[in-house]
Amino acid sequence: MTDATAPRSLAAFAGHVVLVGAGQMGGALLRGWLGHGLAPARITVVDPRPPANVQAIIDAHGIALDPPAPAVADVLILAVKPQIAEDVMPLVRHLVGPRTVVVSVMAGKTIARLEEIFGAGTAVVRTIPNTPAAVGRGITGAAGNDHVSPAQRAAVETLLSAVGRVEWLFQENWIDIVTAVSGSGPAYVFLLAEVLARAGAAAGLPADLAARLARATVEGAGELMYRSPDVEPATLRQNVTSPNGTTHAALQVLMGADGIDSAFVAAIAAATKRSRELAG
């Protein structure tokens, strides 16, 4: 795992990176790379219509965009939507050479499918990042095939670390569970802020005040956990909980037989099942 408190510099990165797809995740990666010192001359972007904010970055740094004859990539990052991936991947197959590692940040595309498109001997890394990558606080699960060399793995980790932490997975099928836990996880946290606000309003607070309190509480608790890397979440919870106090009374409900534990077990199981269905 990389340490998000000590981001790696990309100033010495010597490879040629081709980013296919400059949407939300592709744009986050591009900003992260430039912010950590990757030379713009080492980046090529392949996207017929980058969003305006990403186009501005490309223009400001003089990054190559859809050149007529791009060089073969050392690292090819596929950041297109899964719905168009089958159309896009054959179009960029010529950018893959013997030393290329193909990195997918697309949901639902297995390593086996990527090997079918780019060749059985191609080094492939399948990843699942999450949306906090947009602010450099993402977490990415990554699984590679047997063709990924130690040097390629290090290069991939360095590039992905520009937007947060990286966890290497021993089994590709863990990707579906990672998708359910951290890939979809930000939505669960946002839902918590929504539900907490509604509960505060139901108890009698003005809705706007309840919403501000809920949002600030979720933001602050996340930051406290981030700044306490050696303290388990359970310990942080216990630190807030006085015996027979108000927090204890609430947790008796949330941690009861029909509480948050059983709801999350069911939710993660449902998301994992759906991820496997999408992957075929």
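Since the structure is predicted, the reported quantities are computational estimates derived from the model, not experimental observations. By convention here, the first residue in the shown sequence is residue 1. Heavy-atom basis, side chains included; hydrogens, waters and symmetry copies ignored.
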[X], [atom1]: over 12 other non-hydrogen atoms inside 6.0 angstrom:
{"X": "Q24", "atom1": "CD", "answer": "no"}
{"X": "D146", "atom1": "CG", "answer": "no"}
{"X": "D258", "atom1": "CG", "answer": "no"}
{"X": "R276", "atom1": "CZ", "answer": "yes"}
{"X": "R215", "atom1": "CZ", "answer": "no"}
{"X": "E277", "atom1": "CD", "answer": "yes"}

Distance check, rounded to the nearest 0.5 Å: [X] atom [atom1] versus [Y] atom [atom2]?
{"X": "Q171", "Y": "D176", "atom1": "CD", "atom2": "CG", "answer": "11.5 Å"}
{"X": "D87", "Y": "K81", "atom1": "CG", "atom2": "NZ", "answer": "14.5 Å"}
{"X": "L30", "Y": "I63", "atom1": "CG", "atom2": "CD1", "answer": "4.5 Å"}
{"X": "L251", "Y": "Q238", "atom1": "CG", "atom2": "CD", "answer": "10.0 Å"}
{"X": "E167", "Y": "I128", "atom1": "CD", "atom2": "CD1", "answer": "14.5 Å"}
{"X": "L91", "Y": "M89", "atom1": "CG", "atom2": "CE", "answer": "10.5 Å"}

Any side-chain heavy-atom pair from [X] and [Y] closer than 4.5 angstrom?
{"X": "V218", "Y": "E223", "result": "no"}
{"X": "V20", "Y": "L76", "result": "yes"}
{"X": "P50", "Y": "Q55", "result": "yes"}
{"X": "P150", "Y": "R153", "result": "no"}
{"X": "T110", "Y": "E115", "result": "no"}
{"X": "E157", "Y": "W168", "result": "yes"}
{"X": "L159", "Y": "L10", "result": "yes"}
{"X": "L19", "Y": "W33", "result": "yes"}

Compare every heavy atom of [Y] with every heavy atom of [X], then report the nearest pair and how far apart it is.
{"X": "R31", "Y": "N53", "result": "NH1-ND2, 3.8 Å"}
{"X": "V148", "Y": "V124", "result": "CG2-O, 3.4 Å"}
{"X": "A155", "Y": "F13", "result": "CB-CE1, 3.9 Å"}
{"X": "P70", "Y": "L95", "result": "CG-CD2, 3.4 Å"}
{"X": "P233", "Y": "M225", "result": "CG-SD, 3.9 Å"}
{"X": "V96", "Y": "V72", "result": "C-CG1, 4.0 Å"}

Under 3.5 Å donor-acceptor, [X] side chain and [Y] backbone:
{"X": "T44", "Y": "V18", "value": "no"}
{"X": "T235", "Y": "V231", "value": "no"}
{"X": "H16", "Y": "V75", "value": "no"}
{"X": "N130", "Y": "I139", "value": "yes"}
{"X": "S275", "Y": "T272", "value": "no"}
{"X": "S182", "Y": "G185", "value": "no"}
{"X": "Q152", "Y": "S149", "value": "yes"}
{"X": "T179", "Y": "I175", "value": "yes"}
{"X": "R165", "Y": "G138", "value": "no"}

Using distance only, find each side-chain donor-acceptor pair of residues 190-207 under 3.5 Å and give its atom names and separation, not counting sequence neighbours.
none

Inset, instruction - Compute both the distance and the angle, then confirm whether R137 meets the cation-pi test with Y226: under 6.0 Å from the six-membered ring centre, within 45 degrees of the axis. - result: yes
Identify whether [X] and [Y] are in the same connected component of the hydrophobic contact network (ILVMFWY, side-chain heavy atoms under 4.5 Å).
{"X": "I57", "Y": "L38", "answer": "yes"}
{"X": "L114", "Y": "I84", "answer": "yes"}
{"X": "L34", "Y": "V156", "answer": "yes"}

Legend entry - Trace of the side chain to side chain contact (heavy atoms under 4.5 Å, CB included) decision for M106 with Q83: CA-CA 10 Å; M106 306 177 297; Q83 300 92 315; over 6 Å; no
Inset, instruction - Please step through salt bridge (Lys or Arg N to Asp or Glu O under 4.0 Å) for the pair E86 and K109, ending with a clear verdict. - result: CA-CA 9 Å; E86 293 296 326; K109 296 300 175 185; 3.0 Å; yes
Legend entry - Steps toward side chain to side chain contact (heavy atoms under 4.5 Å, CB included) verdict (L169, V178): CA-CA 9 Å; L169 311 177; V178 171; 3.9 Å; yes
Inset, instruction - Kindly determine whether F264 and V181 satisfy side chain to side chain contact (heavy atoms under 4.5 Å, CB included), including the steps that lead there. - result: CA-CA 10 Å; F264 263 96; V181 174; over 6 Å; no
Inset, instruction - Applying side chain to side chain contact (heavy atoms under 4.5 Å, CB included), name anything that partners T127, two or more places apart in sequence or on another chain. - result: V103, V105, V125, P129, T140, A142, L160
Inset, instruction - Show your working on side chain to side chain contact (heavy atoms under 4.5 Å, CB included) between F118 and V92 and close with a plain yes or no. - result: CA-CA 9 Å; F118 294 104; V92 296; 4.3 Å; yes
Inset, instruction - Among I111, N145, V102, L78, find the residue that satisfies the side chain to side chain contact (heavy atoms under 4.5 Å, CB included) test when tested with R126. - result: I111
